[in-house]
Amino acid sequence: MNRTTACEVHRRLLEEYPIVDGQRHFLEFYNPYETLILTILSAQTTDRAVNAVRDALFARYPTPEALARAEPEEVEPLIRTIGFHRTKARHIVGAARKVVDEFGGEVPRTMEELLQLPGVGRKTANIVLSQAFDINVGIAVDTHVARLSKRLGFTGSKNPDIIERDLVALFPEEVWGDINYLLIRHGRAVCTAQNPKHDRCVVADLCRYYRELRDEGK
DNA sequence: ATCCCGAGGG
DNA sequence: CCCTCTGGAT
């Protein structure tokens with residue numbers, strides 16, 4: 001895929017899923033603290049499951065200071081339904097404590113600092129930087145981004161590191177955050193893993209996967 | 001059965 | 001490199 005076509009994909013998806021007030025939030029994030037916690041919780045889980053526990057969690061722990069004072073054992077039952085709840089309870093409490101103790105109660109704004117927080121790896125850090133601060137140091141390749149990148153023809157690889165390299169080379173830096181958001185958004189709604197909805201896809205005519213399906217007479 | 005915005009530890 | 005952590009939706 002060339003840059004011109006990639007740019008057209010970006011334009012059409014942006015029209016389909018408008019970004020209001022610069023908010024690329026498909027979970028209903030409100031601030032850096034909530035973005036950090038919800039992104040940690042989102043690992044290997046659906047946004048629906050995370051949204052289901054969001055209100056109760058932040059009603060009880062509205063700030064990093066409140067969560068830092070909690071014990072993981074008392075946070076666990078609040079997030080029981082999202083999976084990996086024992087590990088994640090430890091992670092978010094540990095992250096809150098580190099934010100309070102070492103970063104003055106503010107969620108850090110650099111990759112290096114974010115990676116020091118428990119439960120935060122490169123993907124989570126990328127997403128927090130992009131969504132909370134509009135700082136785009138790379139492109140977080142989750143399963144949605146990987147699937148759409150392969151189908152549309154942004155990349156030929158299924159290795160996340162190579163996919164990120166291809167995407168970073170294909171798109172100008174100022175739209176990296178957009179691309180992250182838009183591919184995930186489109187992947188959830190239309191370009192699903194099973195039974196993708198080609199008839200509702202605004203980039204079907206640019207899609208390598210769709211073209212191959214038609215060439216095979218399907 | 002498979003998948004979901006992975007990270008940490010061996 | 002591997003394995004474990006975990007529940008809900010489809």
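First the proteins, then the strands, lettered A, B, ... as listed; each starts at 1.
- Of the side-chain N and O atoms in A:Arg147, one or more sit less than 4.0 angstrom from OP1 or OP2 of B:dC4.
- Here B:dG6 presents its P atom at 17 Å from CG of A:Leu114, a figure rounded to the nearest Å.
- Distances from the side chain of A:Thr124 to the nucleotides C:dC5, B:dC4, B:dA7 place B:dA7 closest.
- Across the P atoms, C:dA9 and B:dA7 are found 24 Å apart, a figure rounded to whole Å.
- Rounded to whole angstrom, the span from the CG atom of A:Asp47 across to the P atom of B:dC3 amounts to 17 Å.
- Nucleotide B:dA7 holds its P atom 15 Å from the CD atom of A:Gln116, rounded to whole Å.
- The distance from atom NZ of A:Lys88 to atom P of C:dT6 is 10 Å, rounded to the nearest whole Å.
- Checked against the 6.0 Å centroid threshold, A:Phe154 and A:Phe171 count as a close aromatic pair.
- The nearest whole Å value for the distance from the CG atom in A:Asn126 to the C1' atom in B:dA7 is 14 Å.
- Among the nucleotides B:dC4, C:dC5, B:dG6, the one closest to the side chain of A:Asp142 is B:dG6.
- Taking atom CD1 of residue A:Ile163 and atom C1' of nucleotide B:dG6, one finds them 15 Å apart after rounding to whole Å.
- Taking each heavy atom of A:Pro160 and A:Val141 in turn, the nearest pair found is O-CG2, 3.7 Å.
- Counting heavy-atom neighbours within 6.0 Å of A:Arg122 CZ, excluding the residue itself, gives a total of 12 or less.
- Of the candidates B:dC4, B:dG6, B:dG8, B:dG8 carries the atom nearest the A:His91 side chain, counting heavy atoms from C-beta on.
- With rounding to whole Å, A:Asp161 atom CG is found 14 Å from B:dG6 atom P.
- Across the protein-nucleic acid pair, A:Leu115 atom CG and B:dG8 atom P stand 9 Å apart, rounded to whole Å.
- Stacking between A:Phe84 and the base of C:dC5 is absent under the criterion of ring centres within 5.5 Å and planes under 30 degrees.
- At the heavy-atom level, A:Thr45 lies under 4.0 Å from base atoms of the strands shown.
- Counting heavy-atom neighbours within 6.0 Å of A:Glu106 CD, excluding the residue itself, gives a total of 12 or less.
- Of the candidate nucleotides C:dT6, B:dG6, C:dA9, C:dA9 has the atom lying nearest to any side-chain atom of A:Arg48.
- Counting heavy atoms of neighbouring residues, nucleotides and ligands inside a 6.0 Å radius, atom CZ of A:Arg80 does not exceed 12 of them.
- Here A:Val120 lies in heavy-atom contact (under 4.0 Å) with sugar-phosphate atoms only.
- For the pair A:Arg86 and C:dT6, the criterion of a side-chain N or O lying under 4.0 Å from OP1 or OP2 is met.
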